Student: 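Attaching a single structure in structure tokens format; questions to follow.
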Amino acid sequence: MAKIELCNITKRFGSLTALENINIEVKDKEFFVLFGPAGAGKTTILKIIAGIEFPEVGEVKINDKNVNYVEPAKRNVSMVFENYALYPHLSIYDNIASPMRSPLYKKDEEIIKKEVERVSSMLKIDHLLDRLPSQVSNGQRQRTALGRCLVREPNVFLMDEPIAHLDAKLRHFMRAELKEMQSSFDTTTIYVTHDYMEALSLGDRIAIINEGKILQIGTGDEVYLTPANEFVAKFIGEPEINIFDIELVKQGGELYALMLGQESGYKIENDVAKVIEAGGHENLRVGLRGNDLMFSFKQEDASYIEGKVYSVEPIGNKTILVVDVNGQLLRLVAPNDLKANLDAQIFVKIKMERAMFFNADDHNFIYRHNQDELLGVK
Amino acid sequence: MAKLQLKNLYKRYDNKKGKKGSDLNPYAVNNLNLECEDGEFIGILGPSGCGKTTTLRMIAGLEDITDGEIIIGDTVVNKIQPQDRGIGLAFEDYALYPPLTVYENIAFNMRARKVKDDVIKEEIDRIAPLLKIDDLLQMKPGKLSGGQKQRVNMARAIVRKPKLLLLDEPMSHLDGKMRQVLRTEIKRLHNEIQCTTIIVTHDQMEAMSLVDKIAIMKDGELQQYGTPFEVYDNPVNEFVAGFIGEPPMNIMTVEVQKREDGFLFKLQDADILIPAPERYAPVLSDGMMVRLGVRPSDVMIGGASSKGSDVKISVFENLGDEKKISFRVGDGFLTLITTDEKRYQQGDVVKLEVKSEKTHLFDVNTGEKINHNF
């Protein structure tokens, strides 16, 4: 049980700055996700917390105590690796018991037995204790690896992409397994991943990291519904969010958005218009996810914009429909029985109330309609 | 451009080194029959070791054929050398020549065949815009991203005007985003050049999204051949059902129970009852065990008046626009996917409903689909 803090951490490898002024405060018992593309610096952060890497600048604190000069072994952190790293020649029992037999944390065999039993029944592997890792399933192996960490009652679990190497199907299953066990951990956890579904599903809060910098820290809803900038918006969700320029027009005291080469605009919701005008924003872009666009093969009304079917990609329970509107490709989510010929005429309508607004100059998020209600802010 | 036929195709590797279980199943490809119409886009899909790449290599002529025939157009090509089969090949590895520009990489084959410079230029000018590499022609491969390299690689395969274009896992090196973009571009490209194309992949989503028809293979044998919608909507066995679709189909062992108003399925590992649609009645009997399959998108949470079974939510995942909800059933989960905005907590008790019309029945022993349409 512990609170973990990183204060102004900067880490360089030679001339390369791997991490730049990182500030994170992970609350006690929180499940905190570090999310970003390969090379973003996620694993380096884990290593700094574990004490395997040393930051040039900044402080690592565990329960308000600076641990910069504490040896890795004495920080009482516990790491779960991608490949589980179980001892193949030891039984599940002995694998789980192994940390309690290490010189530093040595315990009596009686205590070990009690602990292994406690942890293994919690993880539902108590019937497998005599088996070798090769004789149990993938999911059970992962539980064993977790069990080995749990017996130590560490300050914090550090998990580095523990399910990234599995195929997509198994990942769905293992993610659910992890999530189900989460409530029984009762331990602060920091989890690294590059898979946005893992981040959204597991994280109490998520830090989005790119090129050694934190772009946003927030709950799943916050990063999905109100991404701090265009990068975050593009990095979360599939199909990739549609982002394009709009032009503001004022008509009869109300603000309209001209887009996609159209002559008439979409009305901007009043609360959004207020924020735009108060901020003096002129160059704007909107972000719309695949579900925030509607389509029809006839022009239902004037708000439908004509385009051409660029591509139709069925992916099981839905179809990704790509529409070309005056050279701008838009990705829409459509039902899986959609039939459409390439280059056929199609009409698209934008759900303006779902649009996210970005500043076209610095690409930062400005506002979206009913933002506070969406995030449950009272 | 041509029609492709595979007739009773076999491949057996004589040195069985490292081939696990090769005594039981000695054939890497076992009696494969496949027809691909002129201009069609076909996907060969399956887990690693299913024989899909071996099949592709036999079509290309890079691998001897143990038995059977490969026919391109009207010609049996079994004995024809790879370079004379009229095939364009793009592998997972781009294998571009690093010292040459993109232009020269694409021109390489034509130069080898002594094609005139102005013809080469004309061809490359035609192909480059299709693959959106017209701005890259003077660059060296080292400066390109993975996605761009694969485009150049494909340009090199297409520029020969092949009768048949073969793509071997062209996107498996690329990250998710790049894959999404290239997927769309390959789809467009096929529409432009209308060349008979075969793609080999282990990624079911990639296959589904691109092709006209999918051949699903396992252990060297063809399991099913049909349109993406057919294999998704009407899988012939449990393997295909589980392989196609993400998150995967829920497949559970159930006991058939006869009630006054029809049959019910009772889950073996949980207290969940699912009414059986009437059309299944002819093949069901009281006490029979079957495997029941249902896609996560065909499972729902019922309202207050629902007659569904009470179940406790084991896992609730908010994935943005979609929510995934899992219920513990034995060692596994019964999973549903919904776009409903409602939030749940672990431990909430809800009514579980299954679109019983959308269920699939499989034989408990063989895994084959139980046919109920007489």
Side-chain angles (χ1 to χ4, degrees), chain A residues 37-38 124 137 139-140 167-173 175-183 194-202 219-221 223-225 234-240 289-292 310-320 322 329 331 333 336-337 339 341-343 376, chain B residues 47-48 175-177 180-181 183-188 190-192 202-211 227-229 232-233 242-249 295-298 313-328 331-333 335 337 339 341 343 345-347:
Chain A
K124 300 194 188 87
S137 74
Q140 290 159 342
D167 70 42
K169 272 176 205 137
L170 203 48
R171 239 172 20 232
H172 268 283
F173 172 71
R175 201 176 68 216
E177 285 261 314
L178 257 178
K179 175 115 189 175
E180 193 188 28
M181 284 185 278
Q182 236 180 51
S183 51
H194 68 274
D195 177 336
Y196 85 91
M197 286 203 274
E198 274 172 42
L200 289 180
S201 158
L202 297 171
T219 63
D221 276 340
V223 299
Y224 188 77
L225 297 169
K234 282 185 176 173
F235 205 57
I236 297 180
E238 230 185 85
E240 190 177 301
R289 298 202 186 270
N291 283 309
D292 302 338
Y310 188 80
S311 169
V312 181
E313 298 163 25
I315 52 167
N317 64 348
K318 59 193 172 203
T319 296
I320 307 298
V322 188
L329 294 185
R331 287 175 189 273
V333 176
N336 68 350
D337 53 358
K339 298 257 180 302
N341 293 324
L342 299 197
D343 294 326
Chain B
S48 52
D175 69 33
K177 270 181 202 315
Q180 223 179 84
V181 174
R183 199 168 78 190
T184 304
E185 293 309 327
I186 291 179
K187 185 124 191 172
R188 288 295 302 179
H190 177 258
N191 191 52
E192 292 290 333
H202 68 278
D203 180 339
Q204 54 93 19
M205 227 185 247
E206 193 174 297
M208 295 271 286
S209 63
L210 281 172
V211 304
T227 66
F229 193 72
Y232 180 83
D233 205 46
F243 199 74
I244 298 278
E246 199 192 311
M249 184 189 280
R295 299 223 174 261
S297 46
D298 296 327
I313 291 176
S314 306
V315 183
F316 174 77
E317 296 177 83
N318 182 359
L319 304 174
D321 286 347
E322 288 182 343
K323 320 279 181 254
K324 181 172 159 227
I325 302 173
S326 307
F327 309 94
R328 181 54 82 175
D331 280 342
F333 292 108
T335 296
I337 282 274
T339 49
E341 285 292 324
R343 311 288 167 95
Q345 299 277 332
Q346 191 171 1

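Per chain, numbering begins at 1; letters A, B, ... match sequence-line order. Quantities reported herein were computed from a predicted structural model and do not represent experimental measurements.
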Student: Can you tell me if B/Arg188 uses its side chain to pair, donor with acceptor, with the backbone of A/Ser311 under 3.5 Å?
Tutor: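 No; zero donor-acceptor contacts below 3.5 Å.
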Student: For B/Leu319, is it the side chain, the backbone, both, or neither that has a heavy atom closer than 4.5 Å to a heavy atom of chain A?
Tutor: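 Both parts, backbone and side chain.
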Student: How many angstroms lie between CG in A/Leu200 and NZ in B/Lys323, if you round to the nearest 0.5 Å?
Tutor: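 It is 9.5 Å, given to the nearest 0.5 Å.
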Student: Name all residues meeting the side-chain contact (heavy atoms from CB on, under 4.5 Å) criterion together with A/Val333; count only those two or more places apart in sequence or in a different chain, and write none if there are none.
Tutor: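 A/Val333 satisfies side-chain contact (heavy atoms from CB on, under 4.5 Å) with A/Pro239, A/Asn291, A/Lys318 once adjacent residues are dropped.
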Student: Report the distance from atom CD of A/Glu177 to atom OG of B/Ser314, rounding to the nearest 0.5 Å.
Tutor: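 OG of B/Ser314 is found 10.0 Å from CD of A/Glu177.
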Student: Counting only non-hydrogen atoms closer than 4.5 Å, does A/Gln182 touch chain B with its backbone (N, CA, C, O), its side chain (CB onward), both, or neither?
Tutor: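 When you check distances to chain B, no heavy atom of A/Gln182 falls under 4.5 Å.
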Student: Distance from B/Lys177 atom NZ to A/Phe235 atom CZ, nearest 0.5 Å?
Tutor: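 Rounded to the nearest 0.5 Å, the NZ-CZ separation comes out at 6.5 Å.
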Student: Side chain, backbone, both or neither: which part of A/Arg331 has a non-hydrogen atom closer than 4.5 Å to chain B?
Tutor: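 A/Arg331 touches chain B through side-chain heavy atoms alone.
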Student: Do B/Tyr232 and A/Asn317 pass the side-chain contact (heavy atoms from CB on, under 4.5 Å) test, and can you show the C-alpha distance, the side-chain angles, and the key distance before you say yes or no?
Tutor: CA-CA 9 Å; B/Tyr232 180 83; A/Asn317 64 348; 3.3 Å; yes
Student: Between A/Val312, A/Leu202, A/Ile236, A/Val223, who has the most heavy-atom pairs with chain B when the cutoff is under 4.5 Å?
Tutor: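 Top option by heavy-atom pairs under 4.5 Å: A/Val312.
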Student: Out of A/Leu225, A/Asp337, A/Asp343, return the one with the most heavy atom pairs under 4.5 angstrom to chain B.
Tutor: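 Top count of heavy-atom pairs under 4.5 Å with chain B: A/Asp343.
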Student: Just verifying a value: how many Å separate A/Thr319 OG1 and B/Met208 CE, rounded to the nearest 0.5 Å?
Tutor: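 Between atom OG1 of A/Thr319 and atom CE of B/Met208 there are 8.0 Å.
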Student: Would you please test A/Glu180 and B/Arg328 for salt bridge (Lys or Arg N to Asp or Glu O under 4.0 Å) and show each step?
Tutor: CA-CA 9 Å; A/Glu180 193 188 28; B/Arg328 181 54 82 175; 2.6 Å; yes
Student: According to salt bridge (charged side-chain N to carboxylate O under 4.0 Å, His left out), who are the partners of B/Asp233, at least two apart in sequence or on a separate chain?
Tutor: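 None.
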Student: Less than 4.5 Å to any heavy atom of chain A: does that hold for the side chain of B/Glu206, its backbone, both, or neither?
Tutor: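 Contact with chain A involves no heavy atom of B/Glu206 at all.
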Student: Counting C-beta onward and ignoring hydrogens, is there a side-chain heavy-atom pair between B/Asp321 and A/Tyr224 closer than 4.5 Å?
Tutor: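 The answer is yes, as the side chains (C-beta and beyond) meet within the 4.5 Å cut-off.
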Student: Need one label for A/Tyr196: side chain, backbone, both or neither, based on atoms under 4.5 Å from any heavy atom in chain B.
Tutor: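 Only the side chain of A/Tyr196 comes within 4.5 Å of chain B.
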Student: Rounded to the nearest 0.5 Å, what separates atom CD in B/Gln180 from atom CD in A/Glu238?
Tutor: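 Atom-to-atom, B/Gln180:CD and A/Glu238:CD are 5.0 Å apart.
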Student: Please determine if A/Lys179 and B/Glu317 form a salt bridge, counting it only when a charged side-chain N lies under 4.0 Å from a carboxylate O.
Tutor: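 Judged by the 4.0 Å cut-off on N to carboxylate O distance, A/Lys179 and B/Glu317 do not form a salt bridge.
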Student: For the candidates B/His202, B/Glu341, B/Arg295, B/Glu185, which exhibits the highest count of non-hydrogen atom pairs separated by less than 4.5 Å from chain A?
Tutor: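 Of B/His202, B/Glu341, B/Arg295, B/Glu185, B/Glu185 has the most heavy-atom pairs under 4.5 Å with chain A.
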Student: Pick whichever of A/Lys124, A/Met197, A/Arg171, A/Arg289 has the most heavy-atom pairs under 4.5 Å with chain B.
Tutor: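 Looking at each of A/Lys124, A/Met197, A/Arg171, A/Arg289 in turn, A/Met197 comes out on top.
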Student: Which pair of heavy atoms, one from A/Ile315 and one from B/Ser209, lies closest together, and at what distance?
Tutor: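 So the two residues come closest at CG2-CB, 4.0 Å.
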Student: Measuring heavy-atom distances to chain B, does A/Ile320 have an atom under 4.5 Å in its side chain, in its backbone, in both, or in neither?
Tutor: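 Contact with chain B: side chain only.
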Student: Can you tell me how far the CZ atom of B/Phe333 sits from the CZ atom of A/Arg175, to the nearest 0.5 Å?
Tutor: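 That separation rounds to 11.0 Å.
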Student: Is chain A contacted by the side chain of B/Thr184, its backbone, both, or neither, given a heavy-atom distance below 4.5 Å?
Tutor: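 Both parts, backbone and side chain.
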